[in-house]
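Numbers for residues simply follow the sequence, beginning at 1. Reckoned from all heavy atoms, side chains included, excluding hydrogens, waters and symmetry mates.
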Amino acid sequence: LQVSSRRFVAPDGSRRLLTALLDITERKRTEEALRQSRAKLETAFASMTEAIFIADADGRLTDFNDEFVRYHRFKSRAACSKTIAECPDYLDAFFPDGTPAPLDMWAMPRALRGETASSIEYRLRRKDTGASWWGSYSFAPIKNQDGRIIGAIVAGRDITERKQAEEALRASEERLALAASSARVGIFEWNIA
C-alpha cells in the first residue's frame with residue numbers, strides 16, 4: 001500500500017489533510033519477479049566459461065564477466081578497457097595467416113556493423129607482457145524492437161591448446177611423409193571392404 005498525504009487550506013479557511021491510498025501489490029510482485037529474473041541472468045552470465053562482453057552502439061563496454069578479465073590477461077576488473085577503441089592500446093590481433101587484423105575487423109566492431117558469426121579465429125598478443133594465445137569468437141548485434149542496432153555481444157574462447165595440437169599433428173604428418181619418401185619404400189593404403 002502506498003500512502004501519500006498533502007496538507008491544504010480549504011476555501012473556508014480550515015486546514016485539511018488529503019490522503020490518497022494506492023494498492024501497489026501488483027507492481028511489487030512485478031518488481032520482485034524482475035529482480036529474480038535479473039539475478040538468474042547475472043548468475044548465468046558470471047558462470048559462463050567463455051569470455052562474454054557486451055557493448056553499446058558506441059563501442060563502450062557495458063558489461064563483461066570474470067572470464068573476460070582472465071581471458072584478456074587483465075590484472076583486475078578495474079584494469080579492463082572501457083571502450084573497444086582502447087583495445088589496440090594493450091592488444092594486437094592477427095588473422096590466422098599471421099597478418100595484423102585492423103580494429104574494424106575485430107569481433108566487436110563487426111557485430112556493431114550488424115554481422116553475426118561464430119568460430120572466427122584470431123591470434124592475440126598482449127603488448128605489455130608479450131603473452132600470446134589463440135581465440136575463437138562468436139558475435140552478434142543486439143537490436144531493439146525496431147531492428148536498430150543498440151549494441152553487440154561477443155563470446156571469446158581460448159583455443160590455444162587445440163591450435164598447438166593441430167600444429168603438432170601437421171608437423172608429425174610432414175615428418176612421416178618425408179621419412180616415407182626418403183626410405184624409397186613403396187607405401188599404399190588398402191581398404192579391405
### Task
Verify side-chain contact (heavy atoms from CB on, under 4.5 Å) between L61 and F68, making sure each step is shown before the conclusion.
CA-CA 11 Å; L61 293 179; F68 172 86; 4.0 Å; yes

### Query
Would R16 and S14 count as having a side-chain donor-acceptor pair, cut-off 3.5 Å?
yes

### Query
Does the salt bridge (Lys or Arg N to Asp or Glu O under 4.0 Å) test come out yes or no for D146 and R148, once each step is laid out?
CA-CA 6 Å; D146 299 329; R148 187 173 55 89; 6.0 Å; no

### Query
In terms of hydrophobic clustering (I, L, V, M, F, W, Y; side-chain heavy atoms under 4.5 Å; direct or indirect links), are W133 and M108 co-clustered?
yes

### Query
Are R60 and D58 within salt-bridge range, i.e. N to O under 4.0 Å?
yes

Run the side-chain donor-acceptor check on residues 20-27: report pairs under 3.5 Å with partners two or more places apart or on a different chain.
from : atom 1 : to  : atom 2 : distance (Å)
D23  : OD1    : T25 : N      : 3.0
D23  : OD1    : T25 : OG1    : 2.6
E26  : OE1    : R29 : NH1    : 3.4
R27  : NE     : E31 : OE2    : 3.4

### Query
In Å, rounded to the nearest 0.5 Å, how long is the span from CD1 of I150 to NZ of K143?
11.0 Å

### Task
Go through the structure and list residues passing ring pair (Phe, Tyr, Trp, His ring centres under 6.0 Å) with F74, not counting sequence neighbours.
Y90

### Query
For E86, what residues pass the salt bridge (Lys or Arg N to Asp or Glu O under 4.0 Å) criterion, not counting sequence neighbours?
none

### Separation between CD of Q164 and CD1 of I159, rounded to the nearest 0.5 Å
11.0 Å

### Query
Is there a chain of hydrophobic side chains (I, L, V, M, F, W, Y, each step under 4.5 Å between heavy atoms) that links L91 to W134?
no

### Task
Assess whether side-chain contact (heavy atoms from CB on, under 4.5 Å) is satisfied between E166 and R170, documenting all intermediate values.
CA-CA 6 Å; E166 288 172 358; R170 187 193 60 71; over 6 Å; no

### Task
Establish whether V69 and Y71 are linked, either directly or via other cluster members, by ILVMFWY side-chain heavy-atom contacts under 4.5 Å.
yes

### Message
Between R70 and D158, does any NZ, NE, NH1 or NH2 come within less than 4.0 Å of an OD or OE carboxylate oxygen?
### Response
no

### Task
Report the C-alpha distance between R113 and D104 in whole Å, list the side-chain angles of each, state the deciding distance to 0.1 Å, and finish with yes or no for side-chain contact (heavy atoms from CB on, under 4.5 Å).
CA-CA 9 Å; R113 285 195 307 270; D104 68 330; 3.8 Å; yes

